[in-house]
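Just so it is clear: chains get the letters A, B, ... in the order the sequence lines come, proteins before strands, and each one is counted from 1. All values reported here derive from a predicted model rather than from experimental measurement. When reading the values below, keep in mind they use all heavy atoms of this one structure, side chains included, and skip hydrogens, waters and symmetry mates.
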Amino acid sequence: MSGGGCSIVWFRRDLRVEDNPALTAAVRSGAVIAVFIWAPEEEGHYNPGRVSRWWLKQSLIHLDIALKSLGTSLVTKRSSDSVSSLLEVIQSTGATQLFFNHLYDPISMVRDHRAKEVLTAHGVAVRSFNADLLYEPWEVNDEEGRSFTTFSGFWDRCLSMPYDPESPLLPPKRIISGDVSRCASDTIVFEDELEKGSNALLARAWTPGWSNADKALTTFLNGPLIEYSKNRRKVDTATTSFLSPHLHFGEVSVRKVFNLARIKQVLWTNEGNKAGEESVNLFLKSIGLREYSRYMSFNHPHSHERPLLGHLRYFPWVVDEGYFKAWRQGRTGYPLVDAGMRELWATGWLHDRIRVVVSSFFVKVLQLPWRWGMKYFWDTLLDADLESDALGWQYITGTIPDGREFDRVDNLQFEGYKFDPNGEYVRRWLPELIRLPTEWIHHPWNAPESVLQAAGIELGSNYPLPIVEIDAAKARLQLALSQMWQHEAASRAAIENGMEEGLGDSSESTALIAFPPDTDMDMDHEPIRNNNNPTATINRRYEDQMVPSMTSSFLRVEDEETSTYVRNTADGRGEVPANVNVNDEVRREPIGNALAEFNRRNSEDSTAESSINGRRERDGGVVPVWSPSGSNYSGDENGMGASSSYLQRSIHSLTSY
DNA sequence: GCATTATTCCG
DNA sequence: GGAATAATG
């Protein structure tokens, strides 16, 4: 105990008492004050959507109940600045220590770094912990100590680390409560009146909170897990774990999930149950993808807004709010897509397969900017998770080295019969097609007029014709891709000629594609006009669909609407902030500073020592941070230089070693 | 031994 | 783009 002062545990997305290292450490050091700060404005574009807020509200109630049973309760604060609120809590309680668990999205890394600096300056001892991952991002490296650029490399390494993930911690037996008599909780409003009706429906299908997370885990381990492999293709039945929202809010520890699944696996392996063994591998792989999303976010803090492969910056996205609206409303004329989008809207959830279907369609058929789709997912998914969603969309868009090929357009009709062979899924979500025979359910545009009539369907009226023909979309995609490569080559050539900017003063090169004004769910369902004319004028935009990033708005570097793409420096790379120490000796924070790390990685001739090898101190001391170190951050990688070296490196690693 | 053709997997 | 699995005739 330090001088009688108590400790603050700052809860964020770790809303549990079991296997919560920050809580455990605080309890060990004496009296505890548990705090949750609601500061959505801090998160810019990515403040939680309606369904996420609905979940969070209840998750906090469950956490509070658990804390009360242990001897304290949760202090809630409404704030526009988390760090200031922490200071207030410290001042009103006399706390001398702050404990929290790591987060890896860029906003959190910046904020948490600042919290640590500010509070330390105020004489508060700050310690942070890994509660969200099997291994911290800086622990997982290849033989040369470099971070991985593909998932399979990363995950193989995770599964063969020289040491196991930490074993889950038991919940504290009892918590001594700090004095909060002069630290009143704020009432937090998580939903407005208009949202209550929609939210009421969510409660039918979902029960947030740590105890329900544990129940969901148990149910899954004892039920669907063993057939997880076999049922992968079924989108219509309860064969998934349904853990994603629980995991997002940290209601259950991923290490607990991992350990329990492994125990099952050993059991089934010993029984010679190959399918069971394989099922666990597949399930753990999806846990691994979640891990990898944090890894990617940590190593590439811009991955929620910029393609990791630089040439994708030059893809001419179709900027068409009509398409976007049709997709959101489930009125594209492709039943599998439309069913998925209606389910998402109605329930806040989609089977992973359907996420792939609707997002591929979004990017490859409609060729809308992927970040629009990601933002819509963010606003509507119960398990909205910036890191996972960024990884998912970059995978689908093919902007990471191991992503899907961009020019591969899946056959929706085929996928429909594969994932939904009897059309039950489509009929459930598209009542207008309920009488359409299975033979036509995934391609009503081919159905004979008599069949449509008998089913009460009038295409173009009560159900749309395809908004874009697949063949036209493929042709359009090829054209767009060749334009992309031309732009990329022109830009590269210009840079080699020493020009400051590859594309001269083309206004395109600084154009931004902002989020459409109404990316939230909209309630009107007016029919969308079909546009099947492939020669119709398409409004395309070059450049990545850059919008003011949440980090830049957070840092107030640039104004929302007028911010411009920062130009390359002469060597084609972004500027490295001058005052970032890449090689300083402060290796107590091995990640040190992820931005410095990021720039270092992207510096082609870097000789800096790669990130820290071997086993590190597991907790305390280490904070994943992304510190812009002042205002000169805007020049950091701007796609081109950074990403092309990323591409080169990944090719290099594929071909040379 | 049986057909036809190339490489790897589907997050 | 589609499905399982590998070399090759």
Legend entry - Whole angstrom value for the distance that separates P of C:dG2 from CZ of A:Arg404: 13 Å
Legend entry - Spacing of A:Leu282 atom CG relative to B:dC10 atom P, expressed in whole Å: 8 Å
Inset, instruction - Check DNA chain B against residues 348-365 of chain A and give the residues with a non-hydrogen atom under 4.0 Å, in numerical order. - result: A:Asp352, A:Arg353
Legend entry - Pair listing, ring-ring contact (aromatic ring centres under 6.0 Å, His included) test, anchored in residues 220-240 of chain A, at least two apart: A:Phe220-A:Tyr228, A:Phe220-A:Phe283, A:Tyr228-A:Phe283
Legend entry - Contacts of type side-chain hydrogen bond (donor to acceptor under 3.5 Å, both in side chains), residue A:Ser59, not counting sequence neighbours: A:Glu251
Legend entry - Between P of B:dT8 and CZ of A:Phe151, the distance in whole Å: 20 Å
Legend entry - Aromatic plane relationship, A:Tyr295 with A:Phe148 - under 30° parallel, 30 to 60° tilted, over 60° perpendicular: tilted
Inset, instruction - Using atom CG of A:Asn411 as one end and atom C1' of C:dG2 as the other, report the distance to the nearest whole Å. - result: 9 Å
Inset, instruction - Apply side chain to side chain contact (heavy atoms under 4.5 Å, CB included) to A:Ser388 and list each qualifying residue two or more places apart in sequence or on a separate chain. - result: A:Arg290, A:Ser293, A:Arg294, A:Asp385
Inset, instruction - Apply ring pair (Phe, Tyr, Trp, His ring centres under 6.0 Å) to A:Phe419 and list each qualifying residue two or more places apart in sequence or on a separate chain. - result: none
Inset, instruction - Select base, sugar-phosphate, or nothing to describe what A:Asp410 touches, counting heavy atoms under 4.0 Å on all strands. - result: base
Inset, instruction - Just call it for A:Gly392: base, sugar-phosphate, or nothing, with non-hydrogen atoms closer than 4.0 Å on any strand. - result: nothing
Inset, instruction - Determine which pairs satisfy salt bridge (Lys or Arg N to Asp or Glu O under 4.0 Å) with at least one residue from residues 256-271 of chain A, sequence neighbours left out, and list them in order. - result: A:Glu18-A:Lys256, A:Asp214-A:Lys256
Inset, instruction - Would you mind reading off the distance between A:Trp155 atom CH2 and B:dC10 atom P, rounded to a whole angstrom? - result: 14 Å
Legend entry - Interatomic distance, A:Leu391 CG vs B:dC10 C1' [rounded to whole Å]: 14 Å
